[in-house]
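Working notes, structure below.
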Protein chains: 2
Amino acid sequence: MSKVSRRDFIKFGAVSVLATSGVYASDMPVFRDKDVKFDEEWDVVIIGSGFAGLAAGIKANERGNKVLILEKMGRVGGNSVINGGIFAVPNSELQKKNGVKDSKELFISDCVKAGLGLNHVELLGILADRAVDTFNFTVKHGAKYLDKLLLEGGHSVPRTYYTENTSGSGIVQPLAETFKNLQGCELRTRCKFDEFVTDENGAIVGVAVRNDYKFDKNLFSDDKENKSGERKFIKAKKGVVLASGGFCSDKFFRKLQDPRAVPEFDTTNHPGATAGALISALKVGALPVQIGWIQYIPYKCPDEKGNGITSKFASQAAFRYGISVDPKTGKRYMNELADRKIRADAMFRIIDAKNDSYPINLCDSVAAAKLVESDLANPMKNGVIMKFDTLADLAKHYKMPAGELEKTVERYNEFVKKGKDEDFDKPIKLTDGITISQAPFYAMRGAPKLHHTMGGVKINTKAQVLNIDDEPIKGLYAAGEVTGGTHGASRLGSCAILDCLTFGMIAGENI
Amino acid sequence: MSKVSRRDFIKFGAVSVLATSGVYASDMPVFRDKDVKFDEEWDVVIIGSGFAGLAAGIKANERGNKVLILEKMGRVGGNSVINGGIFAVPNSELQKKNGVKDSKELFISDCVKAGLGLNHVELLGILADRAVDTFNFTVKHGAKYLDKLLLEGGHSVPRTYYTENTSGSGIVQPLAETFKNLQGCELRTRCKFDEFVTDENGAIVGVAVRNDYKFDKNLFSDDKENKSGERKFIKAKKGVVLASGGFCSDKFFRKLQDPRAVPEFDTTNHPGATAGALISALKVGALPVQIGWIQYIPYKCPDEKGNGITSKFASQAAFRYGISVDPKTGKRYMNELADRKIRADAMFRIIDAKNDSYPINLCDSVAAAKLVESDLANPMKNGVIMKFDTLADLAKHYKMPAGELEKTVERYNEFVKKGKDEDFDKPIKLTDGITISQAPFYAMRGAPKLHHTMGGVKINTKAQVLNIDDEPIKGLYAAGEVTGGTHGASRLGSCAILDCLTFGMIAGENI
């Protein structure tokens, strides 16, 4: 160090048109500008067309930039378009109208509590400061919201808007329409970002992509195995925004970070949520933050794909008024009303995915009657929730020791009557005195599903990506789930939209 | 990808003797072999002289290699030499002699339980398979152990040896003596590893170091700020073993991964436990695994440096027979006998390090009398444990609301009498009916201290470092705390020695 100045560093020559830095023993090179011929040129290139990418694109164009958004899938919007459409806005107009007192401090403290104190609070502060502005940005571009606030789990006050169509598509679609109509901008689907192109100082000056890419969800690793498409190099005069989302669907990378997430495990994410773009950012020196943390949703079902339609039965009936048991023993193994992380961890301990053994969530007919009818009827039509006349039938169907299940139910019912769960300390008062007694009985197989990858690249409050020496990588910005640290160990529901949009906007403003 | 073959990659030319890959916008280059003049040449270079480095060095020499071990500090042994000297050996001879039934499966299951299921079990399997061999290796080279087994927390059976001198130095010193006497080997202190030297394919072929380095523990970041020493380049013909330990003392890097670990926080580690070598490995493409997880010890004191001498008072007297209170409120805030992680997390929530506000751990004289006398007397001489005639005096000294403290103690004493802690569910049966009643009262300020950084680079079962495409980086091996994944979220006590020595040996055998 003492003997080396920055100016001494290399401007190295190359013998190949498709040059790499040579640093990585990898089949995926980092490209050098002098060794590639750019096929096209834009001011700003954005990787990903979800909340973050679209917000970045519109904001960058407002500042006079020609913007290209790349989307590897055939459809726009990534996970954002299948998102549930709930959007936390601390200090909103609607809160004021409804007399809800909120504050930046309260918002941060809620997030930090859920995040187990691992949150990078300077980023949360930006979310609180910009939330109303971000919300108004979406309204201006055509998003519509219901005129009521939700109180989401972990939030101290009602601060969550709900899109009119109860989906993130209520925001993605108008933003995508806006963007597509902008002068000098393009949203290109089936265009796969592969690697960055850097200049001699490591600044990001472009991207290597493949046009006409066909994502293949049947591959173990689409990023590594899929050879489709035609290689092009795109220059990004002002820089690149990485808005590529998380990696819950990446069977290779997620298992390295959380070995419980075996390939057999499902996710609530769309199949394109892979780690390729994140890994490419690590190759150009982006600082990895908290990449080991993955958020799971415990009230999902392994017998249906993705989000599915059994969540309400699990969370509102079986977990609340019934029990979850290990089919190998017929016994309970957790407090069915603990927080998401505790429940997911407990379920992982008894699940044997390779042998297709999952916990059974069950309740009786009094509990099931608490549901909106379609939330029980539809999953029953699909056969993912089953009805049984006796507990013995239920046990037989799931290959459980019937005697043990009956003992478990008897013991649990005693706890409900006594008002105290002596085994797992479930808060019995929330069960409204409902036991597991009235036939028929309803049951489903349960599993946590991967929902959100908490870690990613480190950004500063300007959405600049920092390198492993904690300095901005010139020309590289990031926003949304591909970044790490903001939400710490666990993100509160309805904060994803706020995070993705806000840092997307900031990236677009600063690039 | 499709259009790029490995052979097309660059053999790039350079204009400077001190060349970098140019990929990183950093002041710390990765060096290319063709651009440096090597000052010396060894078969194997090892970074770090703790358990892992010494084991690697001896094993590599057994196979005929000339080995250089680099140690940046003035003394040998890093954290290993201040380690507590407890060494888990599943399936040991002493277990057999004592009729203790152990197994590979039981060892793995204990570790995975503590590690919250995040463990890379293939690495744990290697530890179980090799444990006896590793233990015998240390005995062969002069380590001595007490003839009894300890039952350490989280282990299902007694499987832990204790060095005769109750310190890791009982292993480090004989191994270091062995190594120093080996033909053609050298252990060089005050030699700082800075960066790797790679060949054109990214293989590790040497290191850039500084001789006559003087570590400065007063710098915020020694790795970034310290300019001492003289740059040399060392060729490593067969490769490099990274055995540089964890980063609990790195005020810069640890806070990025766990923002609770503010600079004011202390660690049980030696001051040289920084992230510089790990960061250099990330620069050559090493795959980061679970870097966000840090293990804390909750029964430490902010009023003494490092490990200190108050732990026994906190863990065996105040936490067990007394309480821990928040000085701002005079109230309890946790189950004082919860697991390490839960307690550390609870303490973090009330600590305000910037305003020097820490929880108070206290008990009465009956509780204090349970301690070995010196464990109370010595910290009292240093003034880190204080004695008070009344609870009011105690409250006054720590600027607590006295009335509130008295109410808290009264409420807690009721719980002890009833046999049930209605506030935090402390297992009252472990308090032996001891309340907080008999003056004098004893107290200390408490704080969790950083103990072990769980994450690091990914290795395979041959101790090869994997890159971000999951392939071995040629010429690069790693062992010990700088690696990640083996212990998941939390390492069991006494598994560090086993891990460091075993993978050190494996690195030395395979390089």
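Values below: all heavy atoms of this structure, side chains included; hydrogens, waters and symmetry mates excluded. By convention in this document, chain letters (A, B, ...) are assigned in the order of the sequence lines, proteins followed by strands, and residues within each chain are numbered from 1.
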Review point. Would a distance-only check, ignoring hydrogens and angles, find a side-chain to backbone donor-acceptor pair under 3.5 Å from B:Gln257 to A:Leu118?
Key: no
Review point. Would the number of heavy atoms belonging to other residues, nucleotides or ligands and lying under 6.0 Å from CG of A:Asp216 be above 12?
Key: yes
Check your understanding: Taking atom CG of A:Asp352 as the centre, does the number of heavy atoms from other residues, nucleotides or ligands within less than 6.0 Å exceed 12?
Key -> yes
Check your understanding: If you look at every heavy atom in B:Asn119 and A:Pro259, which pair is closest and at what distance?
Key -> O-CG, 3.3 Å
Check your understanding: At their closest point, which heavy atom of A:Leu287 faces which heavy atom of B:Phe253, and how far apart are they?
Key -> CD1-CE1, 3.7 Å
Point to revise | Heavy-atom check, side chain of A:Asp469 versus side chain of B:Lys283, under 4.5 Å | key: yes
Study note, to complete from the structure: Residue from A:Asp425, A:Asp470, A:Asp258 scoring the most non-hydrogen pairs under 4.5 Å with chain B is A:Asp470
**Study point:** Closest contact, heavy atoms only, B:Leu256 versus A:His120
**Key:** O-NE2, 2.7 Å
Point to revise | Non-neighbouring partners of A:Asp250 that pass salt bridge (charged side-chain N to carboxylate O under 4.0 Å, His left out), sequence neighbours left out | key: none
